[in-house]
Amino acid sequence: MRFSALKILREGLTGNRGWTPMWREPQPKPRYKVLIVGGGGHGLATAYYLAKEFGETDVAVLEKGWLGSGNIGRNTTIIRSNYLLEGNQPFYEFSLRLWEGLEQDFNYNAMVSQRGILNLFHSDPQRDAYVRRGNAMILSGADAVLLDQGELRKMCPFLDYENARFPIQGALWQPRGGSVRHDAVAWGYARGADSRGVDILQNCEVTGFRIESGTLKGVETSRGAIEADKVVVCAAGSSSRVMALAGMRLPIESHVLQAFVSEGLKPIIPGVITFGAGHFYVSQSDKGGLVFGGDIDGYNTYAQRGNLPVVQDVCEGGMAIMPMIGRARLLRMWGGVMDMSMDGSPFIDRTHIDGLYFNGGWCYGGFKATPASGFCTAHLLATDKPHPTATQFRLDRFRRGAPIDEKGAGAQANLH
Amino acid sequence: MAEITLTSIPCLGGVDLRIGAIRVLERDDLALISVAVPQEGEAAVADALRSTWDLPMPAPQRVSTAGDRSALWGAPDQVLLLGPRSTEWEGEVAAALDGKGYVTDQTHAWAILEVRGPGIQAAFERLVPLDLDPEMFPPGAAARTALEHMAAIVLRLEAERFLLLSASSTAQSFLHAVTTTLTWYEEIAPGA
Amino acid sequence: MIINHPLLGPRDASEFVYKGDVALIDRPDGMETSLDEMHDYLHLRDNPAGEHQELWYHEQGDRSWLVVTRNTLTHEITNVTLARDVARARGRSR
Amino acid sequence: MRVAGGLIDRSRTVKFQWNERWMTGHPGDTLASALLANDIRLVGRSFKYHRPRGIFSAGAEEPNALVELGKGAAREPNTRATQVELTSGLYATSQNHRGTLGWDWLALNDALAPFLSAGFYYKTFMWPKAFWERIYEPTIRAAAGLGRLSGAPDPDSYAHGVLHCDLLVIGAGPAGLAAALAGGRAGLRVVLADEDFQPGGRLNAEQFEVDGQPGATWAAETARLLAEMPRVRVMPRTIVFGVYDHGTYGALERTTGGGPRQTLWKIHAKRALLAAGATERSIAFPQNDRPGIMLAGAVRTYLNRFGVAPAGRVAVLTNNDDGLRTAADLRARGIEVAATIDTREGGAVVATRGRQGLREITLASGKRVRTECLAVSGGWSPNVHLTCHHRGRPVWRDDLAAFVPGGALPPGLSVIGAAAGTMTLAATLREAHLAASTVAEALGATQGVGDPPRASDESAAITAFWHVKGQGRAWVDLQNDVTTKDIAQSHLEGFRAVEHVKRYTTLGMATDQGKTSNVLGLAILADVAGQSIEQTGTTIFRPPYTPVAIGAFAGRARGKEFRPTRLTPSHNWAAENGADFVETGLWLRAQWFRRPGEAGWRDSVDREVRTVRSGVGICDVTTLGKIDIKGRDAAEFLDRVYANAFLKLAVGKTRYGLMLREDGFVYDDGTTARLGEHHYVMTTTTANAGLVFQNLEFARQCLWPDLDVHLVSVTDAWAQFAVAGPRSRALLSRVVDGRDLSNEAFPFMACTKCTVFGGTPARLFRISFSGELAYEIAVPTRFGDSMIRALMAAGEDLEVAPYGTEALGVLRIEKGHAAGNEINGQTTARMLGLGGMVSKKKSAIGAKLSEREEMVREDGLSLVGLRPVNRAEMLTAGAHFLAPGDPADMAHDQGWMTSVAYSPELGHSIGLGFLKRGTERMGETVRAYSPVRGEDRLVEVRSPHHIDPEGVRQRG
């Protein structure tokens, strides 16, 4: 079914009775060419691009819960390509370009909204670092604008320019950054993949891998054994657990990132704003809620919930730059489990087991990466070569001494 | 340049004020000396403290006192000596320990406030994260903690008399935190 | 979270700094260590969903490093010991 | 309208404003009860269709009566009128309408409702592509949202506090009061927290008796008893909003009187009893959203507690016995009951009329009944919210037609009373008493707990009934305008998991978090899917239980108090002497010292740099981390934590130390001085002081636990000043007592303990960051202010002048010293030209992994100096290097400019940067390309040591 305004009109006039399911609920087949473990954003996007771009439709997505129940269903929806390093920036710019055409591509309005992202800076060295970053962005074909305080004031009159502990000097602005309705991304990809023949198997948990003399043969699941030529694990948050079933240890720790949304408010915040002297970022959803977050709690966990000190830290950051939000109320807080890698950057790579591929380590940057991650993973599966924008996301990069360490924090997962 | 001599200026200018029934004053008359206990050297340090000042080694989170000198438990291998400030004391301590412990004068690393008065424990509920219930934290208890993002040592002298120690560089922020707490307490519970 | 410090009793976790897997104690010292050994020591973690032994530093307290046994699914803490004792028990000395 | 009775104080009147109209109420009223007393029925608009909305409930579950409170900067949007304590002068206005509340233009949406069904926006607004951001989205955004933020800083303050107790009782209804009483009698430390300003919970809303007294009287009496117990703390106006790990509860207290507006409490409780009661829910029937349609229990609350009848004529629709009590209570107050409709007897409401307020209902029989209020009871849902905060899942009980706490509850938390599904009073009181007794016993309390309060059990029988099917929309979520049809459509489109339905329809995602709608929605979904509620599942609740102001979470940490400010010992002196200060981490440091006649900062900085190069300058460098390291094994320890050798450093000598992370990248640098046989003092950078200390502690406790080495941070103990410039020796010779400072007696990198100005203890180091003859001298912190004044006086004839961080930066860039811009965690020793310092003879931290293949590439980056080809041009940091002629893209990126300065000595701009194969490219010209600054300059590559590359001056 193709969605359009006309379709809505017709359905509205006939009682909205003619809608059909967005995806099938198929039974698992005994064998597929490709299995994708994880029915979140990255897994569904991989399936979609495999089918659409590489013509591979003998594919199943195995999701232990309901589709989109992982981090695609619990994030703060920001898209941007404002990275510093050569290993990252072209990939995220590729992703942003895919976002820009996504809705027309999969005929679903995920509300990709490029209202801009502002990274505030508070000191001269920080400004210099943002200049370096902005230049790197432009060198990789992205957009970046350096705003001084006067220009920033025009865009955000509500920031605390007078009384801030760390004065707001200006911002690095990426006008093409923004936000997306996150659930709709999962739904749109699922619909697009399903309509091309991909089986999305919900409530289907992988419980083991069948590996014979270094070659992958298939997986065991809660819905029976399934054979496959290739299996890719896209289960960020649970990567270590799933890959441990294949006997692998990863340079990844699981951490919880809390996120917050306020009660609905009339529009007041133009785009995404990030604090440069503390842990806080915020945007305002189309419904009017302030969607915000900050740092991870900082300890290994698989519990999708955090603790109060980080809630306080995040709200302190918010009040530090925009004291008008003091009377806005925090409506909901939740936590998502992150794959925190040892350098803060992800992996899209083959493993030492023939036929087993890995996509993970997204830290808290996974949402914005969804389209490119899916595309590049599909590329790797289909061609056995990394996509040109994802050549550095290798599992052996620490062994070689080539971390992609944006923050310069070293091999300490919770500092990235 | 014999005509110039340096003067020691209190971190908080010798502040002494009253907020409601509670008094806040800077204790610039105290010295704080760290004694690190060498590996396997605890008995020797304990002997030295006892024989010189009659000070027992403090238990964790406790203070031992003899006359105007106290010993605070600092860490598993560290004791903090608190006593009257004099230029000689570091030397005295070093002499008393005679190499049995590593002595570092920490007097100037800390600003010390004495806070006392009725209702102080209730007022501190909005400042100090520790459980100050007298059963848990009786007079003679001391603990390091953080309040309002600042490292602090909280020492209970009497039921309603505390010493609060904060890094000397953040002394102004620390004082602000303390006085704001006491002012609010007064406003929320007038005369309590 | 509350960490029951073996010497100081229960303290709010916000007084502590987290480092990670207790295996970080087992640094392969010495000149003959291979690059691979050192790589694995620093980068590869078990990351279990369940009981986890991990290092915490009591920064706003007595500066002790602690080994905390905590369940990563429930956050239940079942044991807390001084890391120095654990290090010695794991054979570390000078 | 007011009727007799209630717990309000009728002897006093409170004036307040509603939509600019003055009205009156009484102490004890809420804004909602006062509005109803003033016959206000229309109070708001729904989110999507802008349907008229009236007061629906009497508590935290209120979906409709959201108002803006206060004006100006203090305006507080989305406030539930049902929870606002009426105070004198209170100013409230309705929100979320364009035009007046009565004439809201956005109610046009309601006419378009067929086209705005669940998820409509996902299927349209995609063409033309550019219209989304330019037209569709702005229009949607402008229409969405609820109340308005003022846009001005919140004028109020918020406190944080920490409480510790044995037993936290959440809710001061009958269960909570009985539990607190038993716990208090047992001698436990008890905190009793309740969101209401009046303890008693449903006892205040009902006509029950406890211990032979009216329930409300017993509640007030019990609260008074509790308040007198020294170890019990009764906290009204305090909502426990979240359960965190290990018995930590988040609670928000609305403070009365002066001081902070609210206090956010962290309550550490050994045990907790959740006595949060239950929330009534509605029944879905056609047009069930009109003002005047209320929860039956709320009608009793208004009647019995506030002495207010929502209307002169009320009909009742119920599926349970509790609802029937509403009719009885109304009759008792002389209010006409227009109809009592019991679904268990086949009764139903099939239509309603009255756009801005209910006028008439149509019964299943077709009979029309005139009524201005319809009291609806679809049964009660236990308030299980807090039991889900550790992701426990409630379980369904058919006999109650409700979810009760289930799954893994947060450790230490038990549930009592209606929150546990115990729906009758006597049973609740017994259960609460028993639960508190059990806690007391478990915690070793020895005192008796007394007898439980007595009451009789009323009937609470219920037969589940959810949905009157018929013509017209039946609302499930009143705020977000989710109807039964939306749920059915969602199912039709394949959104069948509960979470999918919630996300697709927005059911339960409004400010009330679905307190009255979730269970109803679930029941409708179960019905559509043809399965049981158990099979359908449930969503879980997340904190906070009710929304909490962001300002409360932040507490005092805002504005200048966001973080503490560290002041240097010379701060006051600097302020008196024209300093401009700059934030450096938590420190405030003098950036430069402006003198009369200096037009801009550059004048001041240039002068300060020249002073150091030609005379003598003083800079407060206290902010550098300083760690005293003592012990028999201190040398061995240092040798393992620094990449370069430290075993042979002599007493009285200082050495530059390069510290790596274990992954081989540069972590920090500084100098370490050996002041005694077993005594070293290490300096770290300002930024890394705390982290380095932490890592050193890790090394000494965890890696080498038997080394005898001890660390004390002395950053705050010493006021340290750099005294730099050719005349620095002359100045210090006047300052340091009885010591020969000649180059022979005290050469470069010497250090010593000494005294200054006739006896003040000091530490003296001959080290140089500027490249000039220079020293650092430290005195105990309290002498720092006196010291800077004394140094200035002593050096007056030498024309000594202070210099700030900006000049410090210029000096080090001229000298080619790497600092934070270069050592940013991504840098190898090799990049800094310090690769040779990393000793291969020992396995110091980071040494091994610094040898990894990609880190020792011959074509890697290295630190170079730069100057503009056109010397008149000013360089800026952050520019990327490109070979002239290469395209400007990532593939041809060759490095970047890290630091720049104007060198007064050289008379032009200079820079430092990392350049690919930089050391081999001296004299080459490259492009410094900075498109975000609109700059593209040619620069010449040279040694990073712009001045005195041989280091003659600092050794002189």
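Here is how names work: the chains are called A, B, and so on, in the same order as the sequence lines, proteins then strands, and each is numbered from 1.
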If you define the side chain from C-beta out and look only at heavy atoms, does anything of Leu149(D) sit under 4.5 Å from Ile325(A)? yes
Heavy-atom pairs under 4.5 Å with chain D: which of Lys407(A), Lys7(A), Gln284(A), Met322(A) has the most? Gln284(A)
Applying the ring pair (Phe, Tyr, Trp, His ring centres under 6.0 Å) criterion to Tyr108(A), which one of Phe125(D), Tyr121(D), Tyr122(D) satisfies it? Tyr122(D)
Report yes or no: is the cationic atom of Lys560(D) (NZ for Lys, CZ for Arg) under 6.0 Å from the centre of the six-membered ring of Phe166(A), at an angle within 45° of the ring normal? no
Sub-3.5 Å donor-acceptor pair from the side chain of Lys287(A) to the main-chain atoms of Gly145(D), do we have one? no
Checking the side chain of His122(A) only, and the main-chain atoms of Glu583(D) only, is there a donor and an acceptor separated by less than 3.5 Å? no
Before accepting this row, confirm whether a basic side-chain N of the pair Arg399(A)/Glu853(D) lies closer than 4.0 Å to the acidic partner's carboxylate O. no
So that I know where these two stand, are Phe495(D) and Trp66(A) an aromatic pair - ring centroids less than 6.0 Å apart? no
Report yes or no: does Asn824(D) contribute a side-chain atom to a donor-acceptor pair with the main-chain N or O of Gly408(A) at less than 3.5 Å? no
Between Asp183(A) and chain D, with a heavy-atom cut-off of 4.5 Å, which part of the residue counts as in contact: side chain, backbone, both or neither? side chain
Compare all side-chain heavy atoms of Arg133(A) with those of Trp896(D) and state whether any distance is below 4.5 angstrom. no
Pick one of side chain, backbone, both or neither for Leu6(A), based on which atoms fall under 4.5 Å of a heavy atom in chain D. neither
Can you tell me which of Gln513(D), Met855(D), Arg563(D), His160(D) forms the most heavy-atom pairs within a distance under 4.5 Å of chain A? Arg563(D)
Under a 4.5 Å heavy-atom cutoff, which of Gln262(D), Arg933(D), Glu851(D) has the most pairs with chain A? Arg933(D)
Chain D contact via Arg24(A) - side chain, backbone, both or neither, heavy atoms under 4.5 Å: neither
Among Val311(A), Asn307(A), Leu146(A), who wins on heavy-atom pairs under 4.5 Å with chain D? Asn307(A)
Highest number of heavy-atom pairs under 4.5 Å with chain D among Ala164(A), Ser262(A), Gly65(A) belongs to Ala164(A)
Ile269(A) portion near chain D, given a 4.5 angstrom heavy-atom threshold: backbone
Glu499(D) and Ser69(A), any side-chain heavy atoms less than 4.5 Å apart: no
Any side-chain heavy-atom pair from Glu11(A) and Phe120(D) closer than 4.5 angstrom? no
Between Asn203(A) and chain D, which part of the residue has a heavy atom less than 4.5 Å away: side chain, backbone, both or neither? neither
Flag, side chain of Asp128(A) to backbone of Ser899(D), donor-acceptor distance under 3.5 Å: no
With the side chain counted from C-beta on, respond yes when Pro77(D) and Leu265(A) share a heavy-atom pair under 4.5 Å apart, and no when they do not. yes
For Lys266(D) versus Pro309(A), what's the shortest heavy-atom pair and its separation? NZ-CG, 4.1 Å
How long is the gap from CG on Asp889(D) to CG on Leu139(A), to the nearest 0.5 Å? 7.0 Å
Leu308(A) side chain near Phe553(D) side chain, heavy-atom distance below 4.5 Å: yes
Shortest non-hydrogen contact from Ala554(D) to Cys315(A)? CB-O, 3.6 Å
Is Ala113(D) close to chain A through its backbone or its side chain, or both, or neither, when contacts mean heavy atoms under 4.5 Å? neither
Could you look at Ile268(A) and say if it's the side chain, the backbone, both or neither that has a heavy atom under 4.5 Å from chain D? side chain
Provide the closest heavy-atom pair for Phe115(D) versus Leu9(A) in the form atom of the first, atom of the second, distance. CE2-O, 3.5 Å
Among Leu146(D), Thr827(D), Thr898(D), who wins on heavy-atom pairs under 4.5 Å with chain A? Leu146(D)
For the residue pair Gln312(A) and Leu264(D), establish whether any side-chain heavy-atom pair is separated by less than 4.5 Å. yes
Could you tell me which non-hydrogen atom of Glu854(D) sits nearest to which non-hydrogen atom of Ala402(A), and how far apart they are? CG-CB, 3.7 Å
Which atoms of Arg400(A) are under 4.5 Å from chain D, going by heavy atoms: the side chain, the backbone, both sets, or neither? both
What is the minimum heavy-atom distance between Trp127(D) and Asn107(A), and which atoms define it? CZ2-ND2, 3.6 Å
Drop me the distance from Met126(D)'s CE to Ser4(A)'s OG, to the nearest 0.5 angstrom. 8.0 Å
Working to the nearest 0.5 angstrom, can you tell me the gap between Ile138(A) CD1 and Met890(D) CE? 11.5 Å
Assert top hit (heavy-atom pairs under 4.5 Å, partner chain A, pool Ile140(D), Leu849(D), Leu588(D), Asp156(D)) equals Asp156(D)
Region of Arg857(D) that comes under 4.5 Å of a non-hydrogen atom in chain A: neither
Options Val548(D), Thr511(D), Leu112(D), ranked by heavy-atom pairs under 4.5 Å with chain A, top entry: Val548(D)
Do Pro547(D) and Leu331(A) touch side chain to side chain, with heavy atoms closer than 4.5 Å? yes
When the 4.5 angstrom heavy-atom criterion is applied to Thr565(D) and chain A, the contacting part is both
Decide, yes or no, whether a salt bridge links Glu137(D) with Arg115(A) under the criterion of side-chain N to carboxylate O below 4.0 Å. yes
Out of curiosity, Ile550(D) CD1 to Arg327(A) CZ, how far, rounded to the nearest 0.5 Å? 12.5 Å
Sole candidate of Arg165(A), Met319(A), Glu316(A) that passes side-chain contact (heavy atoms from CB on, under 4.5 Å) when paired with Arg558(D): Met319(A)
Identify which part of Phe665(D) has an atom lying under 4.5 Å from any heavy atom of chain A, answering side chain, backbone, both or neither. side chain
Where do Arg329(A) and Thr79(D) land on the side-chain hydrogen bond (donor to acceptor under 3.5 Å, both in side chains) test, with the steps shown first? CA-CA 9 Å; Arg329(A) 293 193 200 86; Thr79(D) 309; 2.9 Å; yes
Is a donor on one side and an acceptor on the other found under 3.5 Å between the side chain of His880(D) and the backbone of Asn135(A)? no
Quick check on Ala891(D) against chain A: is it the side chain, the backbone, both or neither that has a heavy atom closer than 4.5 Å? neither
Under 6.0 Å between ring centres, would you say that holds for Phe562(D) and Phe275(A)? yes
Keeping the roles fixed (side chain from Asn78(D), backbone from Gly264(A)), state whether a donor-acceptor pair exists under 3.5 Å. yes
Roughly how far, to the nearest 0.5 Å, is the CG atom of Leu492(D) from the OG1 atom of Thr20(A)? 7.5 Å
Need one label for Pro403(A): side chain, backbone, both or neither, based on atoms under 4.5 Å from any heavy atom in chain D. side chain
Heavy-atom closest pair, residues Arg332(A) and Met509(D): NH2-CE, 3.6 Å
Option in Arg503(D), Arg391(D), Glu76(D) with maximal non-hydrogen atom pairs under 4.5 Å from chain A: Arg503(D)
Asp286(A) CG to Arg141(D) CZ distance, which is reported to the nearest 0.5 Å: 5.0 Å
